[in-house]
Undergrad: 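Take this structure first; my questions come after.
Every heavy atom of this structure was used, including side-chain atoms; hydrogens, water molecules and symmetry mates were not. By convention in this document, chain letters (A, B, ...) are assigned in the order of the sequence lines, proteins followed by strands, and residues within each chain are numbered from 1.
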Protein chains: 2
Amino acid sequence: MDAKQKIFVAVDAVVFGYIESKLQVLLIKQKYGVMKGKWVLPGGFVKDEEGLTDAVKRELKEETGITVSYHEQLYTFGDDVKRDPRLHVVSVAYLTLVNPSKHTLKADTDAEDAQWFDVNKLPKLGYDHNKIIKVGLERLKGKLTYEPIGFDLLDKEFPFSDLENLYGTILGKEIDRRNFRKKMLSFDLLQETEKMRKEGSGRPAKLFTFNKQKYKRLAKEGFHFEIKYV
Amino acid sequence: MDAKQKIFVAVDAVVFGYIESKLQVLLIKQKYGVMKGKWVLPGGFVKDEEGLTDAVKRELKEETGITVSYHEQLYTFGDDVKRDPRLHVVSVAYLTLVNPSKHTLKADTDAEDAQWFDVNKLPKLGYDHNKIIKVGLERLKGKLTYEPIGFDLLDKEFPFSDLENLYGTILGKEIDRRNFRKKMLSFDLLQETEKMRKEGSGRPAKLFTFNKQKYKRLAKEGFHFEIKYV
DNA sequence: ACAAAAGTGTTCGCTTTACACCCATGT
DNA sequence: ACATGGGTGTAAAGCGAACACTTTTGT
């Protein structure tokens with residue numbers, strides 16, 4: 001019962017957004033501390049008597065003003081005792097997805113600035129945050145094929161092509177539009193709306209919505225979403 | 001920079017073994033503290049300047065004298081601030097698999113006793129450890145179908161029937177022996193040995209070994225182990 | 001000879017994959 | 001009329017699921 005333990009507990013969030021057909025991560029520029037001026041993941045120390053999930057949500061709100069559409073625990077980083085140069089900090093990382101079109105970023109409290117970065121063009125971040133993002137990206141790639149979380153990155157109503165692009169971009173694969181559409185529709189989880197989106201030239205696209213309630217119900221009954229190799 | 005944070009970091013291990021065709025969990029009986037006399041998962045506080053993985057391995061060695069054959073981080077429990085009644089403790093849980101036939105359990109240090117329990121006949125444990133085991137079991141079930149970790153629960157050389165039973169027992173499903181064998185062998189990751197095992201009556205069984213090196217190599221090249229619905 | 005566990009193939013249906021042309025709109 | 005992106009079907013191959021009898025040993 002080591003009541004004088006000198007280890008600190010932090011939370012960090014890998015927040016992904018899908019903007020202009022690119023997968024982006026939300027970073028903040030540190031205002032204070034050793035990492036001052038460096039870009040890092042939103043996050044910070046957990047408060048006494050505060051749960052982990054509450055802590056991430058608080059930090060996200062404080063630092064970026066974002067509301068999440070999907071959230072899960074990612075991994076706890078604590079094998080490298082020097083991942084924070086000053087203190088022994090164990091960080092519980094979260095994977096969160098947002099629909100960025102809904103939000104305007106606002107830097108706040110500890111953050112000098114908050115910005116979206118293309119996940120393939122990241123600067124060198126503070127701490128081990130490049131590694132954390134890598135782990136987050138792997139998880140996202142993995143889950144995309146067996147859980148319908150891609151929808152959490154899109155608008156509520158979206159054209160099929162957005163969904164195709166999202167899968168193609170994130171997984172880095174060419175996808176067969178016909179097969180992809182057929183498979184997606186076979187789950188009977190997409191609802192066609194009356195609306196159309198016309199953008200630039202080309203034929204206008206029907207907009208769809210994802211029926212999350214139905215998915216959750218089916219999932220409980222043993223249904224398994226799976227969109228293989230895309 | 002909250003240098004007076006009063007949160008403690010612990011690690012706990014869900015150690016599974018497969019004994020007499022039953023999935024078992026390793027528990028220890030607490031010698032000291034509020035949970036004295038209760039069965040709990042092996043684990044304890046992380047030491048200052050100690051990495052998480054090192055901490056679990058140390059605790060396992062101290063408390064049970066076991067050597068692991070598979071080990072991965074499971075989940076970090078820290079949403080419930082009162083999961084430890086006295087202190088705010090965040091616990092990083094690990095999933096570890098061992099081949100119990102190699103080991104003799106020995107209780108040590110904090111442990112009054114160490115014992116295997118049938119995963120379906122658990123007593124009421126201290127803290128939230130029943131829940132942690134539940135999460136561990138879910139993970140094990142999930143991984144069994146898409147990573148070849150079942151082998152880590154078996155002897156190095158095993159008859160096919162052990163593998164069949166393991167999958168059947170853990171997943172709680174009847175498996176078709178012919179299809180299962182065909183699929184397993186199709187990966188070309190099992191090596192037939194010269195040896196046979198005869199036990200009681202019945203035809204003696206060829207013993208196989210799993211070629212882990214080959215699996216790791218193939219996995220890097222994109223190979224995907226998958227044994228669906230068994 | 002019988003009981004007990006090991007070992008072995010084939011058929012059917014469904015899912016996956018590969019693949020190319022027409023449609024609706026803007027310029 | 002042409003450029004741009006949206007929308008659609010079919011055939012072949014591969015995989016998963018169902019299914020029962022023979023072999024080798026111990027008693």
Undergrad: Looking only at the side chains, is there a donor atom on one of B:Thr53 and A:Asp79 sitting less than 3.5 Å from an acceptor on the other?
TA: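 Looking only at side-chain atoms, A:Asp79 and B:Thr53 do form a donor-acceptor pair, the distance falling under 3.5 Å.
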
Undergrad: Could you walk me through whether A:Lys131 and A:Asp80 pass salt bridge (Lys or Arg N to Asp or Glu O under 4.0 Å), step by step?
TA: CA-CA 12 Å; A:Lys131 189 179 166 196; A:Asp80 178 5; over 6 Å; no

Undergrad: Would you please indicate yes or no on a ring centroid separation below 6.0 angstrom for A:Phe223 and A:Phe187?
TA: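 Between A:Phe223 and A:Phe187, which both carry aromatic rings, the centre distance is below 6.0 Å.
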
Undergrad: Between B:Lys206 and D:dT23, does any side-chain N or O lie under 4.0 Å from OP1 or OP2?
TA: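 For D:dT23, OP1/OP2 do not have a side-chain N/O of B:Lys206 under 4.0 Å.
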
Undergrad: Measure the distance from CD on B:Glu174 to C1' on D:dG16 and round it to the nearest whole Å.
TA: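 One finds 18 Å between C1' of D:dG16 and CD of B:Glu174, rounded.
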
Undergrad: Atom CZ of B:Phe187 to atom C1' of D:dC15: distance rounded to whole Å?
TA: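 Going from B:Phe187 (CZ) to D:dC15 (C1'), I get 12 Å.
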
Undergrad: By nearest heavy atom, map A:Lys198 and A:Asn179 onto DNA chain C; which one lands nearer the 5' end?
TA: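 Checking each residue's closest nucleotide, the 5'-ward one belongs to A:Asn179.
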
Undergrad: Any idea which heavy atoms bring B:Ile66 and B:Leu26 closest together, and the distance?
TA: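 Looking at all heavy atoms of both residues, the shortest contact is CD1-CD2, 3.3 Å.
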
Undergrad: Under 6.0 Å from the CD atom of B:Glu221, do we count more than 12 heavy atoms belonging to anything else shown?
TA: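 Yes, the 6.0 Å shell around CD holds more than 12 heavy atoms from other groups.
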
Undergrad: Between A:Arg181 and D:dG7, is there a contact of a side-chain N or O with OP1 or OP2 at under 4.0 Å?
TA: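 Yes, because at least one side-chain N or O of A:Arg181 sits under 4.0 Å from OP1 or OP2 of D:dG7.
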
Undergrad: Tell me the interatomic distance from B:Leu163, atom CG, to C:dA6, atom C1', rounded to whole angstroms.
TA: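 Between C1' of C:dA6 and CG of B:Leu163: 14 Å.
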
Undergrad: Ignoring hydrogens and geometry beyond distance, is the side chain of A:Arg177 in donor-acceptor contact with the base of D:dG7 at under 3.5 Å?
TA: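 Counting by modelled atom types and ignoring angles, a donor-acceptor contact under 3.5 Å is found here.
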
Undergrad: Rounded to the nearest angstrom, tell me the gap between atom CZ in A:Arg178 and atom C1' in C:dT15.
TA: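 Going from A:Arg178 (CZ) to C:dT15 (C1'), I get 17 Å.
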
Undergrad: Rounded to the nearest Å, what distance is computed from the CD1 atom of residue A:Ile175 to the P atom of nucleotide C:dT17?
TA: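 Spelled out: CD1 on A:Ile175 to P on C:dT17 is 13 Å.
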
Undergrad: Check whether any side-chain N or O of B:Ser161 sits under 4.0 Å from OP1 or OP2 of C:dA6, and answer yes or no.
TA: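 Indeed, a polar side-chain atom of B:Ser161 lies that close.
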
Undergrad: Answer yes or no: side-chain N or O of A:Lys182 and base N or O of D:dT10 forming a donor-acceptor pair under 3.5 Å.
TA: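 Such a pair is found, so the answer is yes.
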
Undergrad: Starting from C1' on D:dG5, measure out to CE on A:Met196 and report it in whole angstrom.
TA: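 Whole-Å distance recorded here is 14 Å.
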
Undergrad: If you check every side-chain atom of B:Phe160, which of C:dG7, D:dG7, D:dA20 has the closest atom?
TA: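 That would be C:dG7.
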
Undergrad: Which comes earlier along DNA chain D counting from the 5' end, the contact point of B:Arg203 or that of A:Pro159, where each point is its nearest nucleotide?
TA: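 Closest to the 5' end, via its nearest nucleotide, is A:Pro159.
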
Undergrad: Mind calculating the distance between NZ (B:Lys228) and P (C:dT15) to the nearest angstrom?
TA: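 The answer, rounded to whole Å, is 10 Å.
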
Undergrad: Roughly, in whole Å, what's the span from CZ in A:Phe180 to P in D:dG7?
TA: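 To the nearest whole Å, that distance equals 13 Å.
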
